[in-house]
Amino acid sequence: MDKYEKVFELAKRRGFLWNSFELYGGSRGFYDYGPLGSTLKRRIEQTWREFYVIQEGFMEIECPTIGIEDVFIASGHVGGFSDPLCECMNCKEAFRADHLVENVMSAAGTLSAEDLTNVIKENGVRCPECGGEFGEAYEFNLMFKTTIGPGTGRQGYLRPETAQGMFVDFQRLSKFYRDKLPFGAVQIGKSYRNEIAPRQGVIRLREFTQAECEIFVDPRNKKHPNFERFADRELVLYSQEAQQKGESFRMTVREAVEAGVIAHEVLGYNIALTNEFLTKVGINPAKLRFRQHLKDEMAHYAIDCWDAEIETDRFGWVEIVGIADRTDYDLKAHARVSKTELYVYVEYDEPKMVTRFAVKPNMGKLGPIFKGKAKAVADALKQLSEEELSRNEIKITVGGEELTVSSDMVSFAEETVKVSGENVIPHVIEPSYGIDRIFYGVMEHAFDEENVAQKAAESGLKGTEEAGNESEAIKDEKDAESEEEARLVMHFSSAVAPVQVTVLPLLTRKELADPAKEIIAKLREKTLLVNYDDSGTIGRRYRRNDEIGTPYSVTVDYDTLEDGTVTIRDRDSMRQIRAPIKGIENVLYELIYRGRDFESAGKPFNF
């Protein structure tokens with residue numbers, strides 16, 4: 001088994017991930033998060049909130065997961081959110097056409113369906129399932145379509161991303177933030193994409209969780225007020241130029257912005273913030289890089305786009321976060337379709353005298369002639385140039401109908417006026433996180449198989465031969481690590497571990513179980529996630545908790561009854577210390593959340 005299979009075997013066996021609808025044969029692209037997986041996922045999400053809601057001050061909103069068609073017409077999803085699909089004419093299995101030719105050419109994702117068909121035929125690409133021939137490739141829209149209301153209803157879609165809700169709520173958000181740029185909003189929730197061939201576990205799902213932040217900034221000022229926080233942070237960058245050479249490089253955020261590798265400070269800050277978050281939740285920094293979109297894959301409206309990518313054992317480098325400067329594309333698109341101006345009024349430091357071209361429709365004349373269309377006619381006239389307005393008969397289009405307006409119904413001139421500010425359409429900086437992909441990355445990067453004897457030697461652990469005249473139970477406790485030759489261990493960060501502390505009575509006896517349960521109550525008062533385990537030998541229990549990534553195990557033994565102390569075992573080193581029950585909740589809280597050194601928390605016990 002490769003690491004991917006080992007991780008999934010452990011995930012299914014220990015309650016992290018299960019195939020959805022397993023009772024009925026399952027369906028690709030859907031997974032259930034079991035008790036431990038759901039907790040791990042929620043803790044990743046909560047850490048994300050701590051970064052973006054608490055530290056950055058961007059408030060969270062919640063929008064429907066179903067959207068009306070107009071929203072997705074404006075966003076471009078109805079017309080252009082598709083992948084090239086190719087079906088085997090023999091077994092009828094569907095595949096992503098660009099994925100089929102990745103081994104025979106580069107940049108397959110930039111080709112049209114027609115070009116992909118030609119490449120498949122020219123290279124004799126066959127169905128990987130049955131060896132059959134493929135039919136013509138065609139574009140397949142990835143949105144799930146539905147109707148809103150009974151009967152024919154109103155056309156709607158399950159949202160393919162959370163972002164659009166924040167763009168649609170822009171006016172409300174602007175008022176909430178008192179029209180002061182920059183401001184931002186975040187949303188964590190489900191999105192849906194009818195993927196053609198989801199064959200990569202939770203990396204490619206049809207229902208998935210996104211955590212997205214939309215930061216609205218003044219396009220004239222993309223400096224970040226807290227840039228110095230990360231200015232000297234070194235990142236692994238894989239820029240457009242570096243991709244041509246095939247080698248990533250290390251550079252500080254300040255150097256990257258000054259050299260123009262990263263477009264500006266706001267983008268640089270958010271790339272560094274992404275790095276901070278990912279390493280906090282347990283992504284291995286040695287397997288993390290930031291790849292810049294190539295020119296032929298970058299959206300036409302974007303100034304700069306970077307993906308946080310992690311290295312995986314089976315799939316190579318996988319994108320888990322996208323950080324983009326989307327300019328004003330989204331707000332302009334929704335303004336055009338909704339026919340509502342979306343802007344922020346920005347006041348000047350001092351009023352200015354400006355000369356501008358002013359168009360003044362005569363509503364007294366337009367009203368009687370155009371009646372209910374008069375306002376729309378007036379708005380259309382305001383969009384015309386001086387040359388167009390100078391004609392005797394002015395042609396405009398309102399609601400698809402061409403109308404003629406007499407020149408006496410509108411006046412225009414250049415005028416000099418005193419202005420205190422201007423309307424600005426903000427640019428959008430968007431960090432977009434795929435929580436399920438991050439979840440898998442945390443699982444794979446935490447997974448380890450260790451030789452127990454070798455690890456014990458590295459940690460300087462003592463065996464039973466050094467236990468002296470201690471009781472057999474205490475000797476067993478010290479020597480528990482030697483029960484098996486190997487162990488599976490999940491090196492989860494304490495910040496996200498689904499179980500933070502397990503409490504273990506050395507034997508299943510009431511005199512040990514009672515103080516163990518008292519300790520659990522204390523730990524839960526400190527909001528720690530605690531598990532109680534009294535089944536099997538102490539060594540087996542250590543192994544079970546190593547497998548689910550529990551950072552610390554507390555063992556209650558017969559010395560506890562005499563001197564009021566317990567052992568605390570560190571998952572990664574397997575070292576144990578002896579510490580008093582009194583105040584143990586504070587000790588463990590400091591170990592988990594305050595980075596306290598383990599050896600300082602008590603008296604060495606097995607090293």
Which pairs count as salt bridge (Lys or Arg N to Asp or Glu O under 4.0 Å) when at least one residue sits in residues 409-428, sequence neighbours excluded? R220-E422, R356-E415, K360-E415
State, with a plain yes or no, whether a side-chain heavy atom of D304 is found less than 4.5 Å away from one of M298. yes
Test: side-chain hydrogen bond (donor to acceptor under 3.5 Å, both in side chains). Region: residues 166-177. Which pairs qualify, not counting sequence neighbours? S174-D179
Evaluation steps, ring-ring contact (aromatic ring centres under 6.0 Å, His included), between Y269 and F227: CA-CA 6 Å; Y269 178 91; F227 183 69; 7.7 Å; no
Please find the pair of heavy atoms, one from I196 and one from R206, that lie closest to each other, and give the distance. O-NH2, 3.6 Å
Is it the case that N141 and S82 place a side-chain donor and acceptor less than 3.5 Å from each other? no
Can you name the nearest heavy-atom pair linking R437 to E319, along with the distance? NH1-O, 2.9 Å
In this structure, which one of Y33, Y31, F492 forms a ring pair (Phe, Tyr, Trp, His ring centres under 6.0 Å) with F439? Y33
Of all residues at least two apart in sequence or in a different chain, which pass the side-chain hydrogen bond (donor to acceptor under 3.5 Å, both in side chains) check with S385? E388
Looking only at side-chain N and O atoms, does S191 offer a donor or acceptor that is under 3.5 Å from a partner on Q210? yes
Would D328 and Y343 count as having a side-chain donor-acceptor pair, cut-off 3.5 Å? no
Hey, could you give me each pair passing salt bridge (Lys or Arg N to Asp or Glu O under 4.0 Å) that has a residue in residues 263-287? Not counting sequence neighbours. K223-E265, R233-E276
Does any donor atom in the side chain of T274 or Y433 lie under 3.5 Å from an acceptor atom in the other side chain? yes
Taking C-beta and beyond as the side chain, do E212 and M166 meet within less than 4.5 Å on heavy atoms? yes
Please list all pairs passing the salt bridge (Lys or Arg N to Asp or Glu O under 4.0 Å) test where one or both residues lie in residues 140-160, with sequence neighbours left out. D70-R154
Listed partners of E56 passing salt bridge (charged side-chain N to carboxylate O under 4.0 Å, His left out), at least two apart: R229
